[in-house]
Amino acid sequence: MDLIYTLNIIGTFVFAISGALTASEKKMDAFGSAVIAFITALGGGTLRDLLIGSQPVGWMLDPNYLYTVMAALTFCYLFKKWIVKLTRTMFLFDTIGIGLFAVLGVQKTLSFGLSPAIAIMMGAVSAVFGGVLRDVLSNRVPLIFRREIYATACLAGGGLYYALTFTQLSDSLTIWIAVVVVMAIRVLAVKKGWGLPGIK
Amino acid sequence: MDLIYTLNIIGTFVFAISGALTASEKKMDAFGSAVIAFITALGGGTLRDLLIGSQPVGWMLDPNYLYTVMAALTFCYLFKKWIVKLTRTMFLFDTIGIGLFAVLGVQKTLSFGLSPAIAIMMGAVSAVFGGVLRDVLSNRVPLIFRREIYATACLAGGGLYYALTFTQLSDSLTIWIAVVVVMAIRVLAVKKGWGLPGIK
Amino acid sequence: MDLIYTLNIIGTFVFAISGALTASEKKMDAFGSAVIAFITALGGGTLRDLLIGSQPVGWMLDPNYLYTVMAALTFCYLFKKWIVKLTRTMFLFDTIGIGLFAVLGVQKTLSFGLSPAIAIMMGAVSAVFGGVLRDVLSNRVPLIFRREIYATACLAGGGLYYALTFTQLSDSLTIWIAVVVVMAIRVLAVKKGWGLPGIK
């Protein structure tokens with residue numbers, strides 16, 4: 001699971017950067033940027049932990065998450081100009097982060113004895129609610145409610161993960177397959193411009 | 001209590017529709033609509049459960065709530081034109097939902113050993129915070145903070161429910177009396193245009 | 001600790017007034033004002049309690065907090081004209097409230113066995129998130145994200161409190177020193193116009 005932990009930290013780092021960049025657009029100061037970066041990176045998992053009753057919430061028990069957000073923030077201060085050009089790299093890590101958060105969220109919720117439907121939903125909550133909270137705190141309608149397909153990708157990947165737990169595959173292979181599926185759906189959705197219809 | 005459970009589900013259904021209609025006004029996609037519908041229907045009870053420490057929160061342990069929100073959403077996609085004409089029917093169910101959520105919220109909070117004042121407050125939170133969260137996520141000042149009297153109706157009905165628990169009346173009769181009082185106050189408030197004064 | 005309890009109540013009172021005044025600016029009715037006052041005063045501590053898993057959250061177990069918010073609201077209705085002139089007195093109490101909430105938040109989090117870094121962070125959350133939630137519910141970008149230095153003051157005071165727990169000083173003296181440091185930094189920051197740079 002070491003590689004998974006590492007990628008989890010990388011996902012946190014990239015999500016924190018996305019939060020810090022939003023804060024910078026909104027002309028927030030260092031404190032505001034830190035809060036938004038933190039909430040973007042860890043808000044989804046926090047909400048999941050509160051709902052399932054896993055307290056103290058995850059990042060409180062492992063200081064590396066806090067340090068990762070601080071590192072991301074410092075990185076943003078130093079290299080902002082350079083980061084905004086790295087859209088492809090950022091998108092890649094962001095997609096890895098989403099896939100991992102979604103699948104690990106399903107795994108954690110199942111470990112609390114909750115039903116598969118709820119677990120798959122909590123996977124998506126882990127992956128996307130950080131971004132929702134970022135947008136609410138920045139006073140805008142959450143982006144994801146208007147045009148992204150990635151919650152759907154999370155639900156599909158989470159469902160697949162659950163299905164694969166009934167097979168002979170090892171746990172880490174199961175996680176990887178599901179994460180790759182989330183990533184593939186998201187990349188395809190962005191490339192092909194897929195979207196969900198609204199209520200007309 | 002079967003009738004109460006059924007009405008609880010109906011309340012959830014109607015609240016979910018109100019959320020989906022708001023999402024549609026804001027031109028959200030299917031995912032955004034689902035999230036807003038879910039939060040409108042179940043957000044108040046979720047907040048109550050978090051505050052009193054009842055975790056996993058209620059709807060996680062009974063999949064019918066999740067299915068009800070999905071059914072409401074499907075219903076909205078199929079019959080939106082027809083729903084918006086049914087304002088009276090919607091208002092009736094909405095009012096039943098509010099009354100029930102308020103009274104059952106008081107009951108649950110008391111069962112956690114908390115004081116009556118807190119329980120009555122949690123009843124109102126159960127009934128109205130779904131709508132508050134819907135408005136925050138849709139980036140508008142919560143409607144209820146500006147003109148509705150129904151939180152007051154919830155507090156009155158919740159207080160009455162508590163008072164009636166000291167009488168010889170059966171629990172379900174007690175619930176019904178309190179629910180009807182919440183509904184009556186709300187209907188009267190809307191008909192007569194009652195409102196609370198702001199701070200001038 | 002009686003003096004600390006009293007000041008905690010005074011801090012709650014002043015925070016509630018600041019919430020009620022915001023609600024009045026946004027033309028909310030009495031219910032909206034009560035909710036905003038309550039959340040401004042108690043939202044920070046509530047979020048801290050949820051994150052560390054201290055449930056039912058603090059104010060549910062001591063009715064004085066609820067009564068204090070109601071008293072503040074009544075006070076606002078009666079004396080609004082007079083209050084808005086008392087900016088210096090309000091600022092003083094607000095600063096005492098922030099200092100106390102920050103330091104007592106650190107103390108409570110440490111008592112749950114969490115790490116110092118998390119405890120100091122939770123101190124700042126206790127002190128400032130009430131205001132953040134007030135702003136989100138009033139549909140504006142949280143003020144503190146744009147120009148106040150007081151979260152930094154809370155972090156400094158919280159860190160000092162933790163450091164002083166290793167000395168021979170009594171617990172209440174330790175609290176007072178830390179609170180005074182928070183207050184001093186904030187007063188200096190306001191007088192000198194200190195601010196944190198944003199990400200450019």
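Remember, predicted model here, so these are calculated numbers, not experimental data. In the text below, chain A, chain B and the rest are named by the order of the sequence lines, each starting its count at 1.
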- To the nearest 0.5 angstrom, please state how far the OG1 atom of Thr152(B) sits from the CG atom of Asp29(C). 7.0 Å

- Separation between CD of Gln55(C) and CD1 of Ile52(B), rounded to the nearest 0.5 Å: 9.5 Å

- Item | Shortest non-hydrogen contact from Leu50(C) toward Leu50(B) | CD2-O, 3.3 Å

- Output all residues satisfying side chain to side chain contact (heavy atoms under 4.5 Å, CB included) with Val125(C), sequence neighbours left out; order by chain, then residue number. Leu47(C), Met122(C), Phe129(C)

